Amino acid sequence: MGVLASGSGSNLQALLDRFNLGDDSWARVAIVVGSGPGIGALDRARAAAVPVAIAPPPGPDAPARPERDAAYLLEHLEAAGVELVVLAGYLRLIPQEVVRRYWGRMINIHPALLPSFGGRGLYGRRVHEAVLAAGCRVTGVTIHFVSEEYDRGPIVAQWPVPVFEDDDVSALATRVLRVEHRLLPSVVHAVARGWVSLTRGGRCVWSRPLYGQDRFSMPVDGAIPAPVEPAAR
Ligand code: GRF
């Protein structure tokens, strides 16, 4: 898989720990593309001996250059043999050509329950600020396939996280992030195994459900329920 990141890379680390450094070595992170130099995700990749690439900076007079960015991404992902792309806190819009090439094979993780609290400008702490400002009692994590719009592709998996009375942004972000680190490797595993497919109508169908009713509960006081993964054949 190829991982695209813009931040500290704690979700990348969860993938590295399971696939590159852990027992699940049938899949692995083959390249990490950073949206700029000096980000934590690149340090984590290098520490795990994973090749890195740094996306070219946006032009001085234009916020993005989709054709150049598409060429860069496709060149690096294909050279690394990438079959699945994971956006783990990547803040740049994915060019149309890349979305089409990896349709159904590119996922993004978002720290709220989409379709609420997503879209342009809703990333990082801003997501949790908006959740708190709205007075939500429940938030969560969404993993979805990437489409040409921010945070709007077909939903693959979600997990709820409670919002407590005395939460501030940091407390909430920390609780959500712990769930992200549990959910993302399990969903990557399932997608990579081919257990998730897309209908013509653009909805996800799981051939082996990731969790049953008995295990679908919210995390409280640090106890993070784990998805029950179907065994690989
Ligand atoms: C995560 O909250 C993820 O959901 C969002 O960006 C953040 C990335 O955090 N898309 P990290 O860089 O993986 O620590």
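A quick note: this is a predicted structure, and the numbers were derived from the prediction, not measured. Numbering of ligands and ligand atoms starts at 1, following listing order.
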Hey, what polar pairs (N/O, under 3.5 Å) does ligand 1 make with protein?
| unit_1 | atom_1 | unit_2 | atom_2 | d |
| --- | --- | --- | --- | --- |
| ligand 1 | 2 (O) | Glu180 | OE1 | 3.3 |
| ligand 1 | 2 (O) | Glu180 | OE2 | 2.9 |
| ligand 1 | 4 (O) | Ile109 | O | 3.4 |
| ligand 1 | 4 (O) | Glu180 | OE1 | 2.6 |
| ligand 1 | 4 (O) | Glu180 | OE2 | 3.3 |
| ligand 1 | 10 (N) | Ile109 | O | 2.9 |
| ligand 1 | 12 (O) | Ser8 | N | 3.3 |
| ligand 1 | 12 (O) | Gly9 | N | 2.8 |
| ligand 1 | 13 (O) | Ser10 | N | 3.2 |
| ligand 1 | 13 (O) | Asn11 | N | 2.8 |
| ligand 1 | 13 (O) | Asn11 | ND2 | 3.0 |
| ligand 1 | 14 (O) | Ser8 | OG | 2.8 |
| ligand 1 | 14 (O) | Ser10 | N | 2.9 |
| ligand 1 | 14 (O) | Ser10 | OG | 2.5 |

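- Ring orientation note: the planes of Trp26 and Phe19 are nearly perpendicular, at an angle over 60° on the 30°/60° scale.
- Grouped with Leu91 in one hydrophobic cluster are Tyr123, the linkage being side-chain heavy-atom contacts under 4.5 Å among Ile, Leu, Val, Met, Phe, Trp and Tyr residues.
- Listed by chain and residue number, Tyr72 satisfy the ring-ring contact (aromatic ring centres under 6.0 Å, His included) test with His76 (two or more places apart in sequence, or in another chain).
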Next on the checklist: Would Cys204 and Ile155 count as a side-chain contact (heavy atoms from CB on, under 4.5 Å) here? Give the steps.
Outcome noted: CA-CA 7 Å; Cys204 286; Ile155 290 171; over 6 Å; no
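- Between the side chains of Arg152 and His144, no donor N or O sits under 3.5 Å from an acceptor N or O.
- For residues 27-43, every residue pair satisfying the side chain to side chain donor-acceptor pair (under 3.5 Å) rule, not counting sequence neighbours, is listed here: Ser6-Ser35.
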